[in-house]
**Student:** 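Following this message is one structure expressed as C-alpha coordinates.
First listed ligand is number 1; within each ligand, the first listed atom is number 1. Residues take their numbers from the sequence shown, with the count starting at 1.
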Amino acid sequence: MKYLRFLRNPSATEIGTSVESFLRYLGGPTCIFLDGMDSSRTRAFVTLLHGNEPSGAMALFRWLKSDRQAAANTVCIVASVEAALASPCFSQRMLPGSRDLNRCFRPPFEGDQGRLAREILEILRLYHPEAVVDMHNTSGSGPAFGVCTHMDRQHDALVSLFTRRMIVTRLNLGALMEISEHNYPTVTVEVGGRLDECAHELAWTGLCEYLQRPRVLAGDEADWGVELLRNPIRLELNPGIGLAYSEYPEPTFPVVLRPDIEHLNFGVVQPEVPLGWVNDELHTLFRAQDASGRCAVSRLLRVEEGRLFPAAPLKLFMITTNAAIARSDCLFYAIEQDAAAVTA
Ligand SMILES: [Zn+2]
(Lines give C-alpha, C1' and ligand atoms only; values in the text may rest on other atoms or scores of the structure.)
Protein backbone atom coordinates (compact mmCIF):
# COMPACT_ATOMS: atom_id res chain seq x y z
CA MET A 1 0.00 0.00 0.00
CA LYS A 2 1.25 3.45 -0.93
CA TYR A 3 0.88 6.27 1.54
CA LEU A 4 2.17 9.26 -0.34
CA ARG A 5 -0.14 11.01 -2.72
CA PHE A 6 1.65 12.62 -5.67
CA LEU A 7 0.91 16.10 -7.05
CA ARG A 8 2.71 18.04 -9.77
CA ASN A 9 2.64 21.85 -9.97
CA PRO A 10 -0.67 22.35 -8.15
CA SER A 11 -2.19 25.71 -9.12
CA ALA A 12 -2.66 28.54 -6.62
CA THR A 13 -6.42 28.35 -7.05
CA GLU A 14 -6.87 24.66 -6.32
CA ILE A 15 -5.03 24.44 -2.97
CA GLY A 16 -7.59 26.35 -0.86
CA THR A 17 -7.53 29.69 0.89
CA SER A 18 -5.80 28.79 4.16
CA VAL A 19 -3.11 26.39 5.26
CA GLU A 20 -5.82 24.28 6.89
CA SER A 21 -7.79 23.99 3.64
CA PHE A 22 -4.50 23.23 1.87
CA LEU A 23 -3.91 20.29 4.21
CA ARG A 24 -7.51 19.13 3.70
CA TYR A 25 -6.90 19.29 -0.03
CA LEU A 26 -3.79 17.11 0.40
CA GLY A 27 -5.79 14.72 2.60
CA GLY A 28 -2.76 12.72 3.74
CA PRO A 29 1.02 12.48 3.28
CA THR A 30 1.83 14.09 -0.06
CA CYS A 31 4.75 14.53 -2.41
CA ILE A 32 4.45 17.75 -4.42
CA PHE A 33 6.76 18.04 -7.41
CA LEU A 34 7.47 21.55 -8.68
CA ASP A 35 9.10 22.04 -12.07
CA GLY A 36 11.96 24.50 -11.76
CA MET A 37 13.62 26.81 -14.25
CA ASP A 38 16.62 24.49 -14.27
CA SER A 39 15.21 21.02 -14.76
CA SER A 40 18.59 19.32 -14.55
CA ARG A 41 18.74 19.59 -10.74
CA THR A 42 16.32 18.84 -7.92
CA ARG A 43 16.13 20.04 -4.32
CA ALA A 44 14.06 18.47 -1.60
CA PHE A 45 11.98 20.21 1.04
CA VAL A 46 10.48 18.01 3.76
CA THR A 47 8.14 19.33 6.40
CA LEU A 48 5.38 18.44 8.84
CA LEU A 49 7.11 15.25 9.97
CA HIS A 50 5.54 16.44 13.21
CA GLY A 51 1.89 17.47 12.97
CA ASN A 52 2.14 20.26 15.56
CA GLU A 53 4.91 22.14 13.75
CA PRO A 54 3.14 24.37 11.24
CA SER A 55 5.76 26.81 9.93
CA GLY A 56 6.98 24.68 7.02
CA ALA A 57 3.50 23.84 5.71
CA MET A 58 2.50 27.51 6.06
CA ALA A 59 5.56 28.61 4.09
CA LEU A 60 4.96 26.03 1.37
CA PHE A 61 1.29 27.05 1.11
CA ARG A 62 2.38 30.67 0.76
CA TRP A 63 4.88 29.71 -1.92
CA LEU A 64 2.29 27.80 -3.94
CA LYS A 65 -0.13 30.72 -3.60
CA SER A 66 2.51 33.14 -4.90
CA ASP A 67 2.69 31.41 -8.30
CA ARG A 68 6.46 31.68 -8.43
CA GLN A 69 8.73 29.22 -10.15
CA ALA A 70 11.61 27.67 -8.24
CA ALA A 71 15.15 27.96 -9.59
CA ALA A 72 15.55 24.17 -9.74
CA ASN A 73 13.08 21.30 -9.65
CA THR A 74 11.81 20.84 -6.13
CA VAL A 75 10.29 17.82 -4.48
CA CYS A 76 8.26 18.81 -1.41
CA ILE A 77 7.12 16.22 1.10
CA VAL A 78 4.34 17.14 3.51
CA ALA A 79 4.18 14.20 5.87
CA SER A 80 1.96 14.17 8.97
CA VAL A 81 -1.09 15.77 7.37
CA GLU A 82 -3.62 13.69 9.32
CA ALA A 83 -1.99 14.48 12.66
CA ALA A 84 -1.88 18.18 11.74
CA LEU A 85 -5.59 18.16 10.85
CA ALA A 86 -6.68 16.47 14.08
CA SER A 87 -8.71 19.07 15.94
CA PRO A 88 -7.58 21.62 16.89
CA CYS A 89 -5.35 21.99 13.84
CA PHE A 90 -1.57 21.70 14.46
CA SER A 91 -1.96 20.53 18.05
CA GLN A 92 -0.68 16.94 17.74
CA ARG A 93 2.87 15.86 17.06
CA MET A 94 1.51 12.49 15.87
CA LEU A 95 -1.85 10.75 16.06
CA PRO A 96 -2.58 8.98 19.36
CA GLY A 97 -1.04 5.51 19.35
CA SER A 98 1.30 6.32 16.43
CA ARG A 99 5.07 6.37 16.58
CA ASP A 100 7.00 9.61 16.18
CA LEU A 101 7.63 9.69 12.41
CA ASN A 102 11.00 11.38 12.83
CA ARG A 103 12.20 8.41 14.86
CA CYS A 104 11.23 5.90 12.14
CA PHE A 105 13.87 6.53 9.45
CA ARG A 106 15.80 3.36 10.11
CA PRO A 107 15.10 -0.34 9.73
CA PRO A 108 12.97 -2.29 10.41
CA PHE A 109 10.45 0.33 9.11
CA GLU A 110 7.59 -1.31 10.98
CA GLY A 111 4.00 -0.12 11.24
CA ASP A 112 2.31 2.67 9.33
CA GLN A 113 4.84 5.29 10.34
CA GLY A 114 7.78 3.05 9.49
CA ARG A 115 6.37 2.35 6.05
CA LEU A 116 5.72 6.05 5.46
CA ALA A 117 9.31 6.80 6.46
CA ARG A 118 10.55 4.21 3.97
CA GLU A 119 8.40 5.71 1.21
CA ILE A 120 9.83 9.16 1.90
CA LEU A 121 13.33 7.72 1.59
CA GLU A 122 12.36 6.02 -1.68
CA ILE A 123 11.10 9.33 -3.08
CA LEU A 124 14.41 10.96 -2.18
CA ARG A 125 16.31 8.12 -3.79
CA LEU A 126 14.23 8.48 -6.95
CA TYR A 127 14.88 12.22 -7.35
CA HIS A 128 18.39 12.29 -5.94
CA PRO A 129 18.20 15.92 -4.74
CA GLU A 130 21.31 18.08 -4.50
CA ALA A 131 20.19 19.04 -0.98
CA VAL A 132 17.51 18.18 1.57
CA VAL A 133 15.99 20.69 4.02
CA ASP A 134 13.72 19.24 6.70
CA MET A 135 11.81 22.05 8.40
CA HIS A 136 10.56 21.82 11.99
CA ASN A 137 9.42 24.00 14.87
CA THR A 138 10.50 23.67 18.46
CA SER A 139 7.63 23.02 20.86
CA GLY A 140 8.82 25.79 23.18
CA SER A 141 9.51 29.34 22.15
CA GLY A 142 13.05 30.17 21.08
CA PRO A 143 15.40 31.25 18.32
CA ALA A 144 16.03 29.31 15.10
CA PHE A 145 18.87 26.86 14.56
CA GLY A 146 19.99 24.18 12.16
CA VAL A 147 20.92 20.61 13.00
CA CYS A 148 23.15 18.30 11.01
CA THR A 149 24.97 15.07 11.63
CA HIS A 150 27.99 15.89 9.54
CA MET A 151 29.59 19.30 9.21
CA ASP A 152 31.17 20.71 6.08
CA ARG A 153 30.85 23.78 3.84
CA GLN A 154 27.71 22.46 2.14
CA HIS A 155 25.88 22.28 5.44
CA ASP A 156 27.14 25.73 6.42
CA ALA A 157 25.84 27.12 3.15
CA LEU A 158 22.45 25.43 3.47
CA VAL A 159 21.82 26.42 7.06
CA SER A 160 22.92 30.01 6.45
CA LEU A 161 19.84 30.44 4.23
CA PHE A 162 17.84 30.30 7.47
CA THR A 163 19.99 30.99 10.52
CA ARG A 164 23.61 31.35 11.74
CA ARG A 165 23.44 28.75 14.47
CA MET A 166 24.01 25.05 13.95
CA ILE A 167 24.01 22.02 16.20
CA VAL A 168 26.28 19.19 15.09
CA THR A 169 25.20 15.90 16.60
CA ARG A 170 25.68 12.20 16.14
CA LEU A 171 22.51 11.29 18.01
CA ASN A 172 21.15 8.06 16.70
CA LEU A 173 17.40 8.49 16.97
CA GLY A 174 16.13 7.40 13.57
CA ALA A 175 15.64 10.97 12.33
CA LEU A 176 15.45 11.65 8.60
CA MET A 177 18.73 13.56 8.42
CA GLU A 178 20.72 10.69 9.94
CA ILE A 179 20.01 8.43 6.99
CA SER A 180 19.45 10.95 4.20
CA GLU A 181 22.81 12.51 5.00
CA HIS A 182 24.63 9.50 3.53
CA ASN A 183 23.40 10.43 0.05
CA TYR A 184 22.63 14.16 0.01
CA PRO A 185 23.67 17.12 2.17
CA THR A 186 20.80 17.30 4.65
CA VAL A 187 19.97 19.84 7.30
CA THR A 188 17.14 19.98 9.78
CA VAL A 189 16.04 23.56 10.30
CA GLU A 190 14.22 24.44 13.50
CA VAL A 191 12.76 27.81 12.58
CA GLY A 192 11.63 28.65 16.13
CA GLY A 193 8.64 28.03 18.36
CA ARG A 194 5.56 26.46 16.83
CA LEU A 195 3.39 29.35 17.97
CA ASP A 196 5.87 32.13 17.17
CA GLU A 197 4.91 34.50 14.37
CA CYS A 198 8.59 35.19 13.72
CA ALA A 199 9.16 31.45 13.17
CA HIS A 200 6.51 31.40 10.43
CA GLU A 201 8.11 34.46 8.85
CA LEU A 202 11.60 32.93 8.96
CA ALA A 203 10.24 29.73 7.42
CA TRP A 204 8.84 31.80 4.57
CA THR A 205 11.90 33.95 3.88
CA GLY A 206 14.22 30.94 4.25
CA LEU A 207 12.12 28.79 1.95
CA CYS A 208 12.15 31.57 -0.67
CA GLU A 209 15.94 31.70 -0.45
CA TYR A 210 16.17 27.92 -0.73
CA LEU A 211 13.84 27.72 -3.73
CA GLN A 212 14.82 30.86 -5.61
CA ARG A 213 18.59 30.90 -5.41
CA PRO A 214 20.29 29.43 -8.49
CA ARG A 215 22.85 27.93 -6.10
CA VAL A 216 22.29 26.82 -2.51
CA LEU A 217 25.41 24.74 -1.98
CA ALA A 218 28.83 26.16 -1.22
CA GLY A 219 30.74 28.06 -3.88
CA ASP A 220 33.79 30.21 -3.26
CA GLU A 221 32.43 32.04 -0.21
CA ALA A 222 35.01 32.34 2.54
CA ASP A 223 32.74 31.75 5.50
CA TRP A 224 29.11 32.15 6.53
CA GLY A 225 29.78 33.00 10.16
CA VAL A 226 27.72 30.06 11.39
CA GLU A 227 28.11 29.34 15.11
CA LEU A 228 28.67 25.61 15.61
CA LEU A 229 27.49 23.80 18.75
CA ARG A 230 28.80 20.29 18.98
CA ASN A 231 27.58 17.15 20.69
CA PRO A 232 24.56 18.22 22.70
CA ILE A 233 23.38 15.83 25.41
CA ARG A 234 19.70 14.99 25.72
CA LEU A 235 18.35 15.16 29.25
CA GLU A 236 15.56 12.59 29.53
CA LEU A 237 13.25 11.55 32.33
CA ASN A 238 13.45 7.96 33.42
CA PRO A 239 10.29 5.96 32.58
CA GLY A 240 7.34 6.60 34.87
CA ILE A 241 8.77 9.73 36.50
CA GLY A 242 6.13 12.43 36.96
CA LEU A 243 6.85 15.94 35.74
CA ALA A 244 5.12 19.28 36.24
CA TYR A 245 5.88 22.88 35.34
CA SER A 246 5.21 25.22 38.22
CA GLU A 247 6.54 28.22 40.11
CA TYR A 248 6.42 26.21 43.33
CA PRO A 249 7.42 22.69 44.39
CA GLU A 250 4.59 20.23 43.79
CA PRO A 251 4.90 17.39 46.33
CA THR A 252 3.11 14.86 44.11
CA PHE A 253 5.59 15.37 41.26
CA PRO A 254 9.17 14.13 41.69
CA VAL A 255 10.39 16.64 39.07
CA VAL A 256 9.08 20.20 38.82
CA LEU A 257 10.57 22.67 36.36
CA ARG A 258 9.96 26.40 36.40
CA PRO A 259 7.33 27.40 33.83
CA ASP A 260 9.51 30.08 32.22
CA ILE A 261 12.40 27.66 31.65
CA GLU A 262 12.09 28.03 27.88
CA HIS A 263 13.42 31.58 28.26
CA LEU A 264 16.79 29.96 28.91
CA ASN A 265 16.94 28.67 25.31
CA PHE A 266 20.42 29.30 23.89
CA GLY A 267 21.61 31.50 26.69
CA VAL A 268 24.48 30.23 28.83
CA VAL A 269 22.89 29.10 32.08
CA GLN A 270 25.17 29.48 35.09
CA PRO A 271 25.28 26.92 37.93
CA GLU A 272 23.46 29.26 40.33
CA VAL A 273 20.37 29.60 38.11
CA PRO A 274 17.53 27.50 39.58
CA LEU A 275 15.78 25.16 37.15
CA GLY A 276 13.14 23.68 39.46
CA TRP A 277 12.73 21.13 42.27
CA VAL A 278 13.30 17.40 42.66
CA ASN A 279 12.46 15.02 45.48
CA ASP A 280 14.67 12.05 44.67
CA GLU A 281 18.18 11.11 43.68
CA LEU A 282 19.20 12.53 40.24
CA HIS A 283 20.05 9.18 38.66
CA THR A 284 16.66 7.81 39.70
CA LEU A 285 14.89 10.67 37.96
CA PHE A 286 16.98 11.43 34.90
CA ARG A 287 19.14 9.88 32.25
CA ALA A 288 21.59 11.55 29.88
CA GLN A 289 24.24 10.00 27.70
CA ASP A 290 27.18 11.85 26.21
CA ALA A 291 28.64 11.19 22.74
CA SER A 292 30.83 8.40 24.08
CA GLY A 293 27.91 6.66 25.78
CA ARG A 294 28.80 7.67 29.34
CA CYS A 295 26.21 8.84 31.81
CA ALA A 296 26.32 12.64 32.01
CA VAL A 297 23.55 13.30 34.55
CA SER A 298 25.85 14.52 37.29
CA ARG A 299 27.82 16.68 34.83
CA LEU A 300 24.60 18.47 33.86
CA LEU A 301 22.62 18.74 37.08
CA ARG A 302 23.08 19.20 40.81
CA VAL A 303 20.67 19.40 43.73
CA GLU A 304 20.82 21.73 46.72
CA GLU A 305 18.16 21.27 49.40
CA GLY A 306 15.68 19.92 46.90
CA ARG A 307 16.31 22.63 44.32
CA LEU A 308 17.64 21.74 40.90
CA PHE A 309 20.55 23.66 39.35
CA PRO A 310 22.97 23.17 36.44
CA ALA A 311 26.14 21.43 37.58
CA ALA A 312 28.24 23.67 35.34
CA PRO A 313 27.68 26.47 32.82
CA LEU A 314 25.43 24.96 30.16
CA LYS A 315 23.98 26.11 26.90
CA LEU A 316 20.44 24.71 26.79
CA PHE A 317 18.15 24.46 23.81
CA MET A 318 14.96 22.77 22.62
CA ILE A 319 13.59 23.30 26.10
CA THR A 320 9.96 22.31 26.13
CA THR A 321 7.28 23.19 28.66
CA ASN A 322 4.95 20.54 27.27
CA ALA A 323 5.11 17.74 29.83
CA ALA A 324 3.90 15.07 27.37
CA ILE A 325 6.68 15.89 24.90
CA ALA A 326 9.23 16.20 27.70
CA ARG A 327 8.27 12.74 28.99
CA SER A 328 8.19 11.00 25.60
CA ASP A 329 11.16 12.82 24.02
CA CYS A 330 13.39 14.89 26.27
CA LEU A 331 13.39 17.85 28.64
CA PHE A 332 16.08 19.74 26.76
CA TYR A 333 19.43 19.45 25.03
CA ALA A 334 22.51 20.70 26.82
CA ILE A 335 26.01 21.60 25.73
CA GLU A 336 28.75 21.85 28.27
CA GLN A 337 30.20 25.29 27.75
CA ASP A 338 33.83 24.74 28.50
CA ALA A 339 34.05 21.57 26.42
CA ALA A 340 32.10 21.88 23.26
CA ALA A 341 31.16 25.30 21.95
CA VAL A 342 33.30 26.52 19.09
CA THR A 343 32.78 29.21 16.54
CA ALA A 344 33.63 28.56 12.92
ZN1 LIG B 1 9.83 18.32 14.75
**Student:** Holding to ring pair (Phe, Tyr, Trp, His ring centres under 6.0 Å), I want the full list of residues that pass it with F253, two or more places apart in sequence or in another chain.
**Tutor:**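 For F253, no residue satisfies ring pair (Phe, Tyr, Trp, His ring centres under 6.0 Å) once neighbours in sequence are set aside.
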**Student:** Measuring centre to centre across the rings, with the benzene-like ring taken for any Trp, is F317 within less than 6.0 Å of F332?
**Tutor:**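 Ring centres of F332 and F317 not closer than 6.0 Å.
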**Student:** Can a salt bridge be assigned to the pair E227 and R165 using a cut-off of 4.0 Å between side-chain N and carboxylate O?
**Tutor:** yes
**Student:** Suppose we screen for ring pair (Phe, Tyr, Trp, His ring centres under 6.0 Å). Which residues come up paired with F61, at least two apart in sequence or across chains?
**Tutor:**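 Counting only residues at least two positions away or on another chain, F61 forms a ring pair (Phe, Tyr, Trp, His ring centres under 6.0 Å) with F22.
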**Student:** For F309, give me all partners under ring pair (Phe, Tyr, Trp, His ring centres under 6.0 Å), at least two apart in sequence or on another chain.
**Tutor:**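 With sequence neighbours excluded, F309 shows a ring pair (Phe, Tyr, Trp, His ring centres under 6.0 Å) to no residue whatsoever.
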**Student:** Return all protein N, O or S atoms below 2.8 Å from the Zn ion (ligand 1), chain by chain in residue order.
**Tutor:**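 Correct list: H50 ND1, E53 OE1, E53 OE2, H136 ND1.
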**Student:** For a 4.5 angstrom cut-off between non-hydrogen side-chain atoms, does I123 reach L4?
**Tutor:**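 The answer is yes, as the side chains (C-beta and beyond) meet within the 4.5 Å cut-off.
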